[in-house]
Amino acid sequence: MGKSKTNKFRRPQFNAEGLSVTAVKEVEEDHDEVCDGVDSPAGELLEKLQSPSADVREFACANISRVVQQSQTIPGFLQRDAVRRLGPLLLDRSLAVRETATGALRNLSACGGHEVCEDMVKQDVMTPLTALLRECCAGFETNDALSLKGQKNTVEDVANEAVNLLWNLCESSSQALSVFNKAGILDVILQCLERHTHNIKLALSAAHCLHTVTEDNAELLCSMNNAVLGTLESVLLTSQADMAHTLLRTLAAGSVWNLKSSLPTARQAQTLNALMATLSKCLELDAGTLIPQLRQAEVARSATASEAGNMEDHQAAAGNMAVEEMDDDEEEGVGLRRNGKATKMDKDFSDLLPRGKEELREATALLTAQQTSLEIIVNMCCSDDLSDDEWEEASSSDESEMCPDGLSEGNTSLLSPLCLSAEVHGALINHNIPEKVLKKTQFPSSEAMDVCRHNPTWKILMKKMHRVQYRALTCLHNMLSTMDAESLGGAAALQAVAQHLSTLVFSAPEIPKEEEFLEAVTSAMRSLLQIIAYMKIPQCMTPQQLMSLSEAATHCDVVSVRVNALAILGITGSTLAKEKGTAETLQMIGNALLQVATKDANLVVCGEALDALFDVFADGDEAERAAKNINLLSALKALQPVFKAKIRKEGKGKYSPEQLCVLDNIKVNLRRFIGYLETVVKK
């Protein structure tokens, strides 16, 4: 219904999907044995938290960490005040207990989802968590009681668990985010980020957390100062070539973009250039080449390992089992760690991997960095910015609204989206970002896919490679929607993009059915065809191909896929209506649109089908001939009362105010279009 809207990526939410087969069986057996009272698994483990023995407390925490990964057990723990009983152990005198207790709460937050996170915050988990983080940071540089020599657990291990718990809570709970803003936890996260030269694992957790908490967080903007931005810029300017640092720089770039309105004017151009250079270098990396190379390096290292390597093989075998047993939808699930803890798969599953899996860690970091880079560019090209009037009002604010260090509170800096859209687009072009994005829209390398397919521990990367492609297609859609044709290379380049998208969709015997792929590729095709139609550029996709795409889309559960396919038919039909000898093809398109308008259960989809019909049959001799041949007037007259009744009956409870407004407009346009067709019939 109108021009396609650009997408914006939020930080991905987590929801847990299952344990390993063995762990599930153990949990179910425990659950079946005793369902209530102190003797239940939850009751027994929580009782052990009070033991005077640190080993027993650690054992109980580690087992809670494992058990709560099966979501059916979580209510039993919550009913027994698990959060309040685990909370004090974050400050236990034993580092091992601190780490396992924090890991148990981390898993509870990841596997329980939003409601559990909100409940944890209500039970004041943020108070001991904040204290723990501050003590950890103090322990980085001082030889205090937390840094006892000879202990297996280190302060930084505890800090890593704590940062991940904080990340989960802030991602799911607005109250946790408010506590983050007010309690000054930003400084703590920055200290963890600054440890990247000593502990890249901790720095990455901090970078992920910072990327999350800085998104759409106006309250945090006044906490920004030159020291904060300086830390992020120093990360951007690091030169280590490993993939972990590539990911670290990418996450820092995302945080800088989130904080763009706080950048001092004098540093904006330099920072924007560093940010764009980071994304560009990340996208230059060829995962199709690097992943097979990394796997070969792993094989070579294993082959030359001595007896010490045998122990590594033993560890790797344990890791293989854990990875092999993970849910197929691992990027949204929670997997086992060798210490019984879990990691959110869409973020970083490197905690799952035993020592000796450095190459797989590198490959994972590479794909995560590229996905994140593309998501940042998607948001750069998102069009839901301030209007011209709002921009004029914002930019006229006086200096009394300035925050500490002379940083502006509102979108008054050069880097505000509306003001800088031309500069952002210029930077994208200067760093060849559109060309690099287009390369990432290709299907993953068959060689890299084969390497992962035939190795259990690497198989988890297959979805990640596809996810990079999907993000690149969404990125292409946003760039097509917000950048002018000449910036994208002109008519010849747009025709080449059309040919490329055609190959992606139509080269196989059947149109791909993966929903996320269809959503991304149809969005890109819709935006491209709108430009091509406007510029009157010949394009390579035939109406028959687009009809087959529409047919495939009608069987997709994702509403946006069906809407995009209908819009594509509308664009194609309205172009054909201006040409001679196209009545038969217009009839085919019209029948397809009518069928969706009358049969689809979703009113938004029905509305898009009607909107497309208005476009296709709005004008021209060929359109008039086709409309008469398919009895369009009588079909729409029969549909009109049904459509109105559906809006009245289903509208308020099922659709947003914005959608209802659009549907009301379509209802009015339907009445007018029927009137137009009646005059055509009378000719």
Side-chain angles (χ1 to χ4, degrees), residues 8 10-11 121 126-127 129-131 133-134 137 162-163 166-167 169-194 206-236 251-272 274-275 376 379-380 382 384-387 389-421 423-424:
K8 183 173 182 179
R10 306 281 176 185
R11 297 310 308 145
V121 176
M126 291 292 288
T127 296
L129 178 57
T130 302
L133 283 164
R134 293 195 185 284
C137 288
V163 170
L166 177 67
W167 177 18
L169 294 173
C170 289
E171 194 166 54
S172 279
S173 166
S174 57
Q175 190 178 347
L177 191 60
S178 179
V179 173
F180 180 97
N181 293 339
K182 290 180 171 65
I185 306 175
L186 176 63
D187 291 341
V188 172
I189 296 301
L190 287 172
Q191 281 183 263
C192 294
L193 181 60
E194 289 168 349
H208 277 297
C209 184
L210 188 62
H211 192 200
T212 294
V213 299
T214 54
E215 183 175 19
D216 296 331
N217 188 353
E219 188 180 354
L220 192 65
L221 288 180
C222 276
S223 300
M224 293 301 108
N225 53 46
N226 289 335
V228 175
L229 298 170
T231 297
L232 288 169
E233 288 176 352
S234 69
V235 172
L236 286 181
L251 291 167
S255 295
V256 170
W257 181 255
N258 291 342
L259 300 170
K260 56 190 174 292
S261 61
S262 293
L263 285 172
T265 304
R267 288 162 61 178
Q268 287 173 2
Q270 179 184 357
T271 303
L272 176 62
L275 186 158
I376 294 167
N379 291 347
M380 284 180 173
C382 186
D384 51 337
D385 301 321
L386 295 172
S387 68
D389 289 340
E390 289 172 323
W391 170 248
E392 288 293 333
E393 184 178 332
S395 61
S396 65
S397 59
D398 61 38
E399 294 184 9
S400 65
E401 298 173 351
M402 301 294 273
C403 292
D405 292 321
L407 303 182
S408 171
E409 180 178 8
N411 284 329
T412 59
S413 72
L414 180 63
L415 271 179
S416 297
L418 197 75
C419 178
L420 190 65
S421 61
E423 299 221 17
V424 170

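Quantities reported herein were computed from a predicted structural model and do not represent experimental measurements.
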Could you check I376 against M380 for side chain to side chain contact (heavy atoms under 4.5 Å, CB included), going step by step and ending with a plain yes or no? CA-CA 6 Å; I376 294 167; M380 284 180 173; 4.0 Å; yes
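Atom CG of L259 and atom OG1 of T214 lie 5.0 Å apart (nearest 0.5 Å). Rounding to the nearest 0.5 Å gives a distance of 7.0 Å between CH2 of W257 and CG of L272. Note that CG of L193 and CG of L232 are 6.5 Å apart. Values are rounded to the nearest 0.5 Å. Once rounded to the nearest 0.5 Å, the distance linking SG of C137 with CG of L190 reads 9.5 Å. We find the CG-CD distance between D187 and E194 to be 9.5 Å, quoted to the nearest 0.5 Å. L129 contributes atom CG, which lies 5.5 Å from atom CG of L166 (distance to the nearest 0.5 angstrom).
With contacts defined as side-chain heavy-atom distances shorter than 4.5 Å, the pair F180/L220 qualifies. No side-chain heavy atom of K260 sits under 4.5 Å from any side-chain heavy atom of L275.
Considering only residues two or more places apart in sequence or on other chains, R267 meets the side-chain contact (heavy atoms from CB on, under 4.5 Å) condition with N226, L229, E233, P264, T271.
For A176 against M126, the heavy-atom pair with the smallest separation is O-CE, 3.7 Å. When all heavy atoms are compared, the tightest approach of R134 to I185 is NH2-N, 4.3 Å.
Using a distance-only test at 3.5 Å, with no hydrogens or angles considered, a donor-acceptor pair links the side chain of Q268 to the main chain of L263.
Heavy atoms from other residues, nucleotides or ligands lying under 6.0 Å from CD of Q270 number 12 at most.
The one candidate from L221, L186, N217 that meets the side chain to side chain contact (heavy atoms under 4.5 Å, CB included) condition with N181 is N217.
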